[in-house]
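Let me begin by presenting the structure, written as structure tokens, before commenting on it.
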Amino acid sequence: MDKSVIRRGHFSGRFHRNIPILLGLLALLVCAAGALAQADAPQDEASGLTAEQVQLNLDSFDKVWSTIRDRHWDPELGGLDWEAIRDELRPQVAEATSMARARAVMNDLISRLEQSHFAVFPGDAYEDAAAGAEGAPLEGGAAEDEEGEGVTGLDLRVRNDQAVVVGVLPESPAELAGVRPGWVVLNIDGTDLGERIAQLKEKLPDNTSQRYYLAGAMSGRLTGDVGDTIPVTFLDGDDREVELALELAARRGVKTTFGNMPPVKIWHETRTLDGDVGYFRFNMFLGVPRIMPAFNQAMAGFKDKKGVIIDLRGNPGGIGAMAMGMSSWFVKDKGQRLGVMTMRNGEFKFVINPRPDAFAGPVALLIDEKSASTSEIMAGGLKDLGRARLFGTLTAGAALPSYIEKLPNGDGFQYAVANYVSEGGYELEGNGVQPDVEILAGRDEFLAQTDPVLAAARQWILSQ
């Protein structure tokens with residue numbers, strides 16, 4: 001099997017060897033895909049399976065079971081009787097009359113762990129998950145090529161059971177049509193989003209990741225082929241219903257690949273805000289040769305700024321070591337670290353290599369429910385070190401490092417191999433990172449101010 005999700009390379013001076021990629025972006029999406037599929041479609045996708053398919057499903061079940069037994073960081077699996085669970089569920093795979101049913105049993109197996117970053121998903125979900133991952137903030141706009149799914153340029157979050165527009169990409173189809181932050185999406189191509197949100201909340205787990213899933217589910221309905229048109233009904237700032245036909249544009253960014261992941265588009269944004277405050281935003285911790293030089297260049301240009309804002313909202317994670325390289329710009333003392341990753345055969349400390357030219361001014365990090373994995377490691381670690389103040393909402397609580405493999409039946413299997421505890425002693429998995437200044441901005445706040453979270457962070461820096 002191809003297990004190329006561990007790579008070696010270079011960035012910011014060095015790259016620590018054998019660090020698992022932190023696939024919060026894919027783990028959350030494939031877990032959500034399973035839950036959303038159960039909500040959207042009948043359980044059986046075929047009238048029956050051949051004997052060969054049944055055997056491949058059994059082989060896949062055995063692979064999932066033994067991998068967790070052999071590679072989970074906790075040899076005791078939290079006290080679970082793993083053999084008894086296998087004996088209980090394996091016969092159900094043999095009796096399954098559809099791939100969906102067999103997959104559901106395997107997901108039942110891994111659900112007993114009660115941890116994220118474990119999922120079995122259809123092989124074609126690689127493309128679906130990649131498309132959803134790029135639904136991180138402010139998708140859409142011009143790209144270097146016109147291939148791939150089209151998007152509207154809207155960034156949505158669920159607030160008070162409404163799909164609220166929290167961002168509109170400049171020059172995107174949505175902005176050109178007049179859509180503004182604070183508008184509510186009522187209906188997409190005949191689907192009532194209020195009803196859909198209520199249905200999903202009944203089926204999705206009531207945990208830190210629920211708002212992540214909900215936002216992804218809403219944004220996923222605003223994608224399609226470039227040039228397609230999607231009818232959308234909004235509630236505008238004056239509480240009037242507005243019907244628009246949004247033509248989809250190519251995603252912005254440059255394609256990059258990593259290991260078993262499908263190609264995704266990476267982008268970054270650097271600018272100076274009013275008051276001489278530096279601002280940097282990027283959509284994933286991937287594309288090392290592109291993102292790290294851009295970040296280093298930005299920080300070199302920010303050295304005399306009154307403060308720096310790093311925007312991690314909507315960033316679902318990626319390569320864990322990138323967080324160390326970025327954090328080195330804010331630390332001058334030796335021996336500082338973001339946290340510790342515990343594996344079955346040892347631990348890895350996320351040590352920050354201090355820079356003599358590190359930025360000494362105030363640092364603000366922006367986070368929300370779609371900040372996951374490596375975003376949480378960086379935010380939680382810098383918060384614990386007292387080196388950054390966090391603004392926004394509780395993060396997704398999905399920080400475990402993981403691998404993706406193909407199963408014998410063609411499905412994908414993601415599994416975590418370590419636990420992570422922040423420098424302050426907090427387990428981020430299932431708990432998330434709590435902001436210092438919680439701003440659960442809803443419709444009214446975005447109507448009054450285009451970006452209340454960014455405004456609060458900027459004001460704090462200027463007050464220092």
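All figures in this text were calculated on a predicted structure; none of them were measured in a lab. We number each residue from 1, following the sequence as shown. These numbers come from the heavy atoms of this one structure, side chains and all, not from hydrogens, waters or symmetry mates.
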Discussion item. Checking Val340 against Lys349 for the side-chain contact (heavy atoms from CB on, under 4.5 Å) test, could you report, in this order, the C-alpha distance in whole Å, the side-chain angles of both residues, the deciding distance, and whether it holds?
Written reply: CA-CA 4 Å; Val340 177; Lys349 298 177 180 179; 4.1 Å; yes
Exercise: do Asp59 and Gln55 side chains pair donor with acceptor under 3.5 Å: yes
Rounding to 0.5 Å, atoms CG (Leu407) and CG (Leu56) come to a distance of 10.5 Å
Derivation of the side-chain contact (heavy atoms from CB on, under 4.5 Å) call for Met322 and Met292: CA-CA 8 Å; Met322 288 177 69; Met292 290 309 300; 3.8 Å; yes
Result for side chain to side chain contact (heavy atoms under 4.5 Å, CB included) between Met218 and one of Leu200, Ile188, Val185 points to Leu200
Applying salt bridge (charged side-chain N to carboxylate O under 4.0 Å, His left out) to Glu95 and not counting sequence neighbours gives none
Minimal heavy-atom distance between Val433 and Ile367, with the atoms involved, is O-CD1, 3.8 Å
Mark yes or no for whether Thr374, through its side chain, and Gly318, through its backbone, hold a donor-acceptor pair below 3.5 Å.
yes
Just by distance, do the side chain of Ser219 and the backbone of Gly216 share a donor-acceptor pair under 3.5 Å?
no
Heavy atoms of Ala364 and Ala457 approach each other most closely as CB-CB, 3.9 Å
Sorted by chain and residue number, the side-chain contact (heavy atoms from CB on, under 4.5 Å) partners of Ala441 (sequence neighbours excluded) come out as Ile439, Glu445, Phe446, Pro452
Donor-acceptor contact present, side-chain Asp228 to main-chain Leu248, <3.5 Å = no
Phe330 and Val363 have their tightest heavy-atom pair at CD2-CG2, 3.6 Å
Show your working on side-chain contact (heavy atoms from CB on, under 4.5 Å) between Gln115 and His72 and close with a plain yes or no.
CA-CA 11 Å; Gln115 293 164 338; His72 195 279; 2.9 Å; yes
Do Met326 and Ile291 have side chains that approach each other closer than 4.5 Å (heavy atoms only, starting at C-beta)?
yes
Taken in chain and number order and not counting sequence neighbours, the residues that satisfy side chain to side chain donor-acceptor pair (under 3.5 Å) with Glu423 are Arg337
d(Ile310 CD1, Phe280 CZ) to nearest 0.5 Å is 7.0 Å
TODO: Mark yes or no for whether Trp82, through its side chain, and Trp65, through its backbone, hold a donor-acceptor pair below 3.5 Å.
DONE: yes
Scanning both residues in full, the closest heavy-atom pair of Leu286 with Ile266 reads CB-CD1, 3.8 Å
Sequence neighbours excluded, the answer for side chain to side chain donor-acceptor pair (under 3.5 Å) partners of Gln162 is none
inquiry  = Run Ile309 and Leu454 through side-chain contact (heavy atoms from CB on, under 4.5 Å) and show every step you take.
reply    = CA-CA 8 Å; Ile309 296 174; Leu454 178 61; 3.8 Å; yes
Practice item. Could you tell me whether the side chain of Leu222 reaches within less than 4.5 Å of the side chain of Leu156, counting heavy atoms only? Key: yes
Exercise for review: Flag the pair Val64 / Phe118 as yes when at least one side-chain heavy-atom distance between them is below 4.5 Å, and no otherwise.
Suggested key: no
- prompt: Is the backbone of Gly314 close enough, under 3.5 Å, to the side chain of Asp368 for a donor and an acceptor to pair up by distance?
  reply: yes
Sorted by chain and residue number, the side chain to side chain donor-acceptor pair (under 3.5 Å) partners of Asp451 (sequence neighbours excluded) come out as Arg313
Discussion item. Does any part of the side chain of Gln92, heavy atoms only, come nearer than 4.5 Å to the side chain of Arg101, both counted from C-beta?
Written reply: yes
Quick one: are Ile352 and Leu385 in side-chain contact, heavy atoms under 4.5 Å?
yes
* Asked: Hey, does Tyr415 have a side-chain heavy atom less than 4.5 Å from the side chain of Glu405?
  -> yes
The side chain to side chain donor-acceptor pair (under 3.5 Å) partners of Asp384 (sequence neighbours excluded) come to Ser422
Taken to the nearest 0.5 Å, the spacing of Asp189 CG from Thr233 OG1 works out to 10.0 Å
Those residues at least two apart in sequence (or on a different chain) that pass salt bridge (charged side-chain N to carboxylate O under 4.0 Å, His left out) with Arg90 are Asp62
* Compare all side-chain heavy atoms of Asp411 with those of Ser60 and state whether any distance is below 4.5 angstrom. => no
| request: Please say whether more than 12 non-hydrogen atoms of neighbouring residues, nucleotides or ligands are located less than 6.0 Å from CD in Glu438. | output: yes
To the nearest 0.5 Å, atom CG of Leu49 lies from atom OG1 of Thr97 at 6.5 Å
Residues passing the side-chain contact (heavy atoms from CB on, under 4.5 Å) test with Leu394, sequence neighbours excluded, are Thr208, Arg211, Gln434
Ser111 meets the side-chain contact (heavy atoms from CB on, under 4.5 Å) criterion, sequence neighbours left out, with Asp108
The salt bridge (charged side-chain N to carboxylate O under 4.0 Å, His left out) partners of Asp161 (sequence neighbours excluded) come to Lys201
Here the pair of heavy atoms bringing Ala372 nearest to Tyr212 is CB-CE1, 4.2 Å
Rounded to the nearest 0.5 Å, the CD atom of Glu376 sits from the CG atom of Asn431 at a distance of 10.0 Å
Output for pair (Ile68 CD1, Ile110 CD1), nearest 0.5 Å, gives 6.0 Å
Heavy atoms of Ala215 and Arg157 approach each other most closely as CB-CD, 4.1 Å
- Answer whether the closest heavy-atom distance between the side chains of Thr256 and Arg290 falls below 4.5 Å. no
Does the Glu429 side chain pair with the main chain of Ala399, one donor and one acceptor, at a distance under 3.5 Å? yes
With sequence neighbours left out, the residues meeting side-chain contact (heavy atoms from CB on, under 4.5 Å) with Asp436 are Lys383, Arg389, Leu390
Applying ring pair (Phe, Tyr, Trp, His ring centres under 6.0 Å) to Tyr420 and not counting sequence neighbours gives Phe350
